[in-house]
Q: 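Provided herewith is a single structure, encoded as structure tokens, for subsequent inquiry.
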Amino acid sequence: MSLPHAILTALLEKPSSGLELTRRFDRSIGYFWSATHQQIYRELGKLEGDGLIRALPSEQPARGQKKSYEVLHAGRAELARWTAASQDPKPHRDTLLLRLRAAAVVGTAGLEADLRRHLQLHERQLAEYQEIEQRDFPPGRDGTEDRLRHLVLRAGIDLETFWTQWLSRALAEFDGLPDGEPTRPA
């Protein structure tokens, strides 16, 4: 249910076409809520059909011209309702953690290399988030919108910091394990 709300948020920040939304998802929103080009266009149609957004009038009617959308009053009200509603956290599901649990009974063959790969990916993502923080949130940017956006970015930084620390700890544990053998008989 959150994709429509992510789109409403993005459109309230700046009226956009579907292509522009897709690019913005790739550059910023996608760090915490991803969507494909097709999902975004499908959702735009639903939001428009529900009367939450509208296509902006085109200056020159032309076939195949991209439509830009804006949020209507009903869309703003829906986003405000959703923002204020209570939601429970979702259970965390991660295949890497499940694979580690499985390694306890079938052995660790190949897993250490993948842990190292995951560590590199998380280190790169952390560096990218830190670069965004340096560039987009210099001291003194303390308006409400900036503070809330920075808070979202800080969540990403903190999560990547957690993963890099945890993966480093996991790899240190692997140093003391027998190579590829199950930890108990099958």
Side-chain angles (χ1 to χ4, degrees), residues 1-10 12-14 20-40 43 79 82-184 186:
M1 185 60 182
S2 296
L3 179 56
H5 299 101
I7 290 172
L8 288 170
T9 299
L12 279 170
E13 291 173 343
K14 179 182 177 193
E20 291 165 336
L21 279 173
T22 300
R23 289 179 180 151
R24 287 173 58 204
F25 265 75
D26 288 345
R27 285 192 322 265
S28 61
I29 295 169
Y31 288 125
F32 57 90
W33 197 267
S34 62
T36 66
H37 182 80
Q38 294 85 0
Q39 290 171 316
I40 290 171
E43 202 58 50
L79 188 59
W82 179 77
T83 300
S86 177
Q87 292 185 352
D88 292 336
K90 301 286 184 226
H92 183 72
R93 294 170 50 158
D94 190 292
T95 55
L96 180 61
L97 298 178
L98 183 57
R99 289 171 56 219
L100 275 170
R101 179 74 181 249
V105 293
V106 298
T108 61
L111 197 50
E112 185 175 359
D114 204 38
L115 287 171
R116 290 189 190 291
R117 187 180 68 82
H118 276 252
L119 178 58
Q120 290 173 343
L121 292 170
H122 285 287
E123 286 172 337
R124 275 197 300 259
Q125 190 64 66
L126 176 58
E128 186 174 343
Y129 286 164
Q130 289 170 330
E131 182 181 309
I132 292 168
E133 183 178 42
Q134 289 290 106
R135 181 189 68 221
D136 294 348
F137 298 100
R141 285 191 68 178
D142 58 358
T144 301
E145 287 183 12
D146 286 328
R147 290 172 64 188
L148 293 175
R149 287 182 183 136
H150 192 198
L151 193 57
V152 172
L153 178 61
R154 282 301 320 170
I157 290 169
D158 292 348
L159 282 170
E160 294 303 331
T161 299
F162 161 78
W163 280 111
T164 57
Q165 291 172 350
W166 183 85
L167 285 159
S168 295
R169 187 175 309 131
L171 286 163
E173 284 291 325
F174 265 69
D175 287 341
L177 296 177
D179 290 337
E181 295 295 319
T183 56
R184 65 179 178 168

Q: Keeping Thr108 on the side-chain end and Leu111 on the backbone end, is there a donor-acceptor pair under 3.5 Å?
A: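 Looks like no, no N/O pair under 3.5 Å.
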Q: Check the orientation of His122 and Trp163. Use parallel for under 30°, tilted for 30 to 60°, and perpendicular for over 60°.
A: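 His122 vs Trp163 ring planes: parallel.
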Q: How far does CD1 of Ile40 sit from OG of Ser34, to the nearest 0.5 angstrom?
A: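 Reported value, rounded in 0.5 Å steps: 9.5 Å.
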Q: If you count heavy atoms of other groups shown closer than 6.0 angstrom to CZ of Arg93, is the number above 12?
A: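 Atom CZ in Arg93 is not crowded, with 12 or fewer foreign heavy atoms closer than 6.0 Å.
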Q: Over all heavy atoms of both residues, which pair between Asp146 and Arg141 is shortest? Give the atoms and the distance, please.
A: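 Scanning both residues, the minimum pair turns out to be OD1-NH2, 2.7 Å.
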Q: With the threshold set at 4.0 Å, does a side-chain nitrogen-carboxylate oxygen contact exist between Glu112 and Arg116?
A: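 Yes, Glu112 and Arg116 are salt-bridged.
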Q: Run the numbers on Leu121 and Arg124 for side-chain contact (heavy atoms from CB on, under 4.5 Å), then give the verdict.
A: CA-CA 5 Å; Leu121 292 170; Arg124 275 197 300 259; 2.9 Å; yes
Q: Partners of Glu128 by side chain to side chain donor-acceptor pair (under 3.5 Å), sequence neighbours excluded?
A: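 Checked Glu128 against side chain to side chain donor-acceptor pair (under 3.5 Å); matches are Tyr31.
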Q: Do Thr144 and Arg147 touch side chain to side chain, with heavy atoms closer than 4.5 Å?
A: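 Not in contact.
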Q: What is the distance from atom CD of Gln165 to atom CD of Glu160, rounded to the nearest 0.5 Å?
A: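 Those atoms lie 11.5 Å apart.
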Q: State whether the number of non-hydrogen atoms from other residues, nucleotides or ligands found under 6.0 Å of Gln87 atom CD is greater than 12.
A: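 Yes - once you tally the heavy atoms of other residues, nucleotides and ligands closer than 6.0 Å, there are more than 12.
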Q: If you measure from CG on Leu115 to CZ on Arg99, what distance do you get to the nearest 0.5 Å?
A: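 It is 7.5 Å, given to the nearest 0.5 Å.
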Q: Could you walk me through whether Glu13 and Arg24 pass the salt bridge (Lys or Arg N to Asp or Glu O under 4.0 Å) check?
A: CA-CA 11 Å; Glu13 291 173 343; Arg24 287 173 58 204; 3.2 Å; yes
Q: Decide yes or no on side-chain contact (heavy atoms from CB on, under 4.5 Å) for Thr161 and Ile157, but give the supporting numbers first.
A: CA-CA 6 Å; Thr161 299; Ile157 290 169; 4.1 Å; yes
Q: So, taking the atom named CG in Leu79 and the one named CD1 in Ile7, what distance separates them when rounded to the nearest 0.5 Å?
A: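 So the gap between those two atoms works out to 11.5 Å.
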Q: As a test of understanding, state which of His118, Arg117, Gln120 forms a side-chain contact (heavy atoms from CB on, under 4.5 Å) with Leu167.
A: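 Checked His118, Arg117, Gln120 against Leu167; only one passes side-chain contact (heavy atoms from CB on, under 4.5 Å): His118.
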Q: Flag the pair Asp136 and Arg149 as a salt bridge only when some basic side-chain nitrogen lies within less than 4.0 angstrom of an acidic carboxylate oxygen.
A: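 Looking at Arg149 together with Asp136, the answer is no, because their closest N to O distance does not fall below 4.0 Å.
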Q: Considering all heavy atoms of both residues, which atom of Thr36 and which atom of Gln39 are nearest to each other, and what is their separation?
A: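 Heavy-atom minimum between the residues: N-OE1, 2.7 Å.
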Q: Enter the distance from Trp166:CH2 to Leu96:CG here, rounded to the nearest 0.5 Å.
A: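 These two atoms lie 5.0 Å from each other.
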Q: Run the side-chain contact (heavy atoms from CB on, under 4.5 Å) test on Phe25 and His37 for me, step by step, so that the C-alpha distance in whole Å, both residues' side-chain angles and the decisive distance to 0.1 Å come before the verdict.
A: CA-CA 9 Å; Phe25 265 75; His37 182 80; over 6 Å; no
Q: Rounded to the nearest 0.5 Å, how far apart are CG of Leu119 and CG of Asp114?
A: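 The CG atom of Asp114 is 11.5 Å from CG of Leu119, to the nearest 0.5 Å.
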